[in-house]
Amino acid sequence: MVRRGGPGVTVEPGETTPSWSRAAGGLSSRRLSGTFPREVVVAAAQMGPVARDAPRAEVVERLLSLLRGAAHRGAELVVFPELALTTFFPRYVIDDDAELDAFFETEMPGPETKVLFDEAARLGVGFQLGYAELTPDGHRYNTAILVERDGRIVSRYRKVHVPGHADEEPWRAFQHLERRYFEPGPGFEVHEAFGGIVGSATCNDRRWPETYRVLGLQGVELVLIGYNTPIHYAPDPGQDRLAGHHNTLVMAAGAYQNGTWVVGVAKGGVEEGVWSLAESQIISPGGEVVARATTEDDELVLALVDLDRCWDYKRTVFNFAQYRLPDRYRLITDLTDPGSTGPTRPAT
Ligand code: CDT
């Protein structure tokens with residue numbers, strides 16, 4: 001086989017177009033050899049800004065348009081961003097319960113999101129959707145749900161690393177009140193889906209090596225990550241110019257060090273006056289960015305993801321069974337407070 005037609009797209013000798021661009025015939029038309037490779041066409045469905053007062057139906061219409069566009073181009077899995085249904089409301093101090101509740105979903109699918117589930121099942125396309133979840137017993141999570149091509153809910157991941165602060169900090173140009181509105185979820189799980197081993201993470205999770213390693217130890221082959229990343233980082237604005245660099249750095253490192261594909265999907269652009277990173281990207285187990293968004297708007301980024309490529313790394317340089325020495329790493333789980341945090345700084 002040769003690789004051409006753009007990174008991440010594999011075509012056989014003699015083929016003139018990437019398989020996913022003529023994939024209306026489904027899986028069999030995407031098989032590029034007789035060896036039944038474990039390949040899945042994945043679409044990162046980047047979103048541009050969502051206004052604070054945007055009706056849910058209007059946002060869902062945008063998701064449907066991305067979903068249909070991705071299906072038309074042969075995608076089997078469409079990954080939407082973190083908190084895809086609303087503006088990034090943790091930038092606001094919201095004291096009124098009814099106002100806050102309006103940003104949360106109490107069921108999934110609910111009356112306004114069912115159309116997305118129905119259309120995805122009709123098209124035979126799976127998806128991951130990030131949203132704010134309010135459980136029947138009153139817990140609030142920053143959640144991502146993974147849905148298989150037949151409409152079955154595979155998993156409900158609740159964000160573990162909840163960043164920002166819980167109390168209003170008036171010195172900031174805008175708030176990051178995730179710690180006021182969300183509890184941390186219970187942990188990282190993998191699930192068999194889309195022909196491989198799939199795990200989810202959300203935004204700030206992607207900066208922590210533990211996220212990928214805990215998934216990697218469970219054999220993950222495809223990590224799906226939605227994010228909302230304001231480019232201005234108030235506790236240390238010197239980091240602003242590195243926002244894009246850090247985004248790629250952490251996801252590429254996580255991919256390579258665990259031999260997994262990583263799909264990072266932004267809600268980017270200027271949302272209610274706050275500029276957020278776009279740069280959605282799909283990263284191979286070698287840590288290479290194989291497809292990347294070029295706008296800050298609604299945009300599809302597709303790649304043909306060969307899950308077997310994970311094993312090039314999992315079997316060799318990152319053969320955990322052979323080379324890891326967990327007893328040398330005990331501090332990672334025994335110690336949360338490193339003792340010295342350096343000069344006093346505001347909460348991050
Ligand atoms: N949504 C989210 O987790 N955003 C954070 C912003 C920086 S921490 C305040 C992120 O890690 O991208």
Side-chain angles (χ1 to χ4, degrees), residues 44 46-50 52 79-94 100 103-104 128-133 140-144 157-185 188 200-212 223-254 262-281 283 293 296 341 345-348:
Q46 176 175 286
M47 295 176 73
V50 174
R52 183 173 184 170
V79 185
F80 295 112
E82 173 192 37
L83 300 179
L85 296 171
T86 63
T87 203
F88 190 73
F89 63 89
R91 79 170 70 90
Y92 304 114
V93 179
I94 303 169
L100 182 63
F103 289 109
F104 283 76
Q128 175 166 293
L129 177 69
Y131 63 98
E133 177 192 11
R140 296 179 190 271
Y141 300 102
N142 186 339
T143 295
Y157 167 72
R158 292 163 172 161
K159 185 175 183 177
V160 167
H161 297 98
V162 179
H165 46 108
D167 298 318
E168 183 178 10
E169 296 185 355
W171 57 271
R172 292 176 185 255
F174 53 88
Q175 304 295 299
H176 196 111
L177 289 163
E178 284 198 67
R179 293 177 81 88
R180 185 187 190 97
Y181 301 134
F182 300 120
E183 301 173 40
F188 299 100
S200 302
T202 298
C203 197
N204 193 258
D205 287 327
R206 78 195 189 287
R207 302 188 191 276
W208 299 89
E210 293 87 348
T211 298
Y212 308 92
V223 181
L224 310 176
I225 306 174
Y227 59 88
N228 285 259
T229 294
I231 286 172
H232 176 56
Y233 183 60
D236 182 14
Q239 296 180 28
D240 296 2
R241 72 178 182 84
L242 298 172
H245 169 66
H246 290 158
N247 184 48
T248 302
L249 178 73
V250 291
M251 294 195 291
V262 172
V263 181
V265 189
K267 175 144 67 62
V270 180
E271 188 179 83
E272 300 291 358
V274 176
W275 187 28
S276 287
L277 186 72
E279 299 192 22
S280 300
Q281 52 203 271
I283 302 172
E296 296 187 330
T341 54
R345 287 189 184 266
T348 56

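Note that ligands are numbered from 1 as they come in the structure, with each ligand's atoms numbered from 1 the same way. For reference, positions follow the sequence shown, starting with 1.
- An N or O contact shorter than 3.5 Å links E82 to ligand 1 by distance.
- In K159, the part holding a heavy atom less than 4.0 Å from any atom of ligand 1 is the side chain.
- Of the possible polar contacts, none joining the N204 side chain to the V162 backbone as a donor-acceptor pair under 3.5 Å is found.
- Short contacts between ligand 1 and R206, defined as distances under 4.0 Å to a heavy atom of the residue, involve ligand atoms 12 (O).
- The closest approach between H161 and ligand 1 stays at or above 4.0 Å for every heavy atom of the residue.
- Residues satisfying the side-chain contact (heavy atoms from CB on, under 4.5 Å) criterion with H246, sequence neighbours excluded, are R207, L242, L249.
- Near E178, the atoms of ligand 1 lying under 4.0 angstrom from a non-hydrogen atom of the residue are 1 (N), 2 (C), 3 (O).
- Close approach of ligand 1 to T229 is summarised as follows: ligand atoms under 4.0 Å from at least one heavy atom of the residue are 10 (C), 12 (O).
- Here the options are K267, E279, R206, E82, the test is side chain to side chain donor-acceptor pair (under 3.5 Å), and the partner is T229; only R206 passes.
- Set against the non-hydrogen atoms of F88, the atoms of ligand 1 under 4.0 Å away are 1 (N).
- Near N204, meaning under 4.0 Å from one of its heavy atoms, ligand 1 places the atoms 3 (O), 8 (S), 10 (C), 11 (O).
- Every atom of ligand 1 is numbered from 1 in the order shown, and the set under 4.0 Å from a heavy atom of R207 is 10 (C), 11 (O), 12 (O).
- The shortest non-hydrogen separation linking L177 to E168 is CD2-N, 4.2 Å.
- In terms of modelled atom types and a separation under 3.5 Å, the side chain of S280 and the main chain of A266 share a donor-acceptor contact.
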CA sep, side-chain torsions, deciding dist, call: R52, Y92, side chain to side chain contact (heavy atoms under 4.5 Å, CB included): CA-CA 10 Å; R52 183 173 184 170; Y92 304 114; 3.3 Å; yes
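- Listed by number with element, the atoms of ligand 1 under 4.0 Å from a non-hydrogen atom of N228 are 1 (N), 2 (C), 4 (N).
- Contacts of Y227 classified as side chain to side chain donor-acceptor pair (under 3.5 Å), with partners at least two apart in sequence or in another chain: N247.
- Proximity of Y227 to ligand 1, defined as any heavy-atom pair under 4.0 Å, is not found for any part of the residue.
- The residue from C203, G226, P235 that puts a heavy atom closest to atom 5 (C) of ligand 1 is C203.
- E271 contributes a side-chain N or O that, together with a main-chain N or O of F88, makes up a donor-acceptor pair within less than 3.5 Å.
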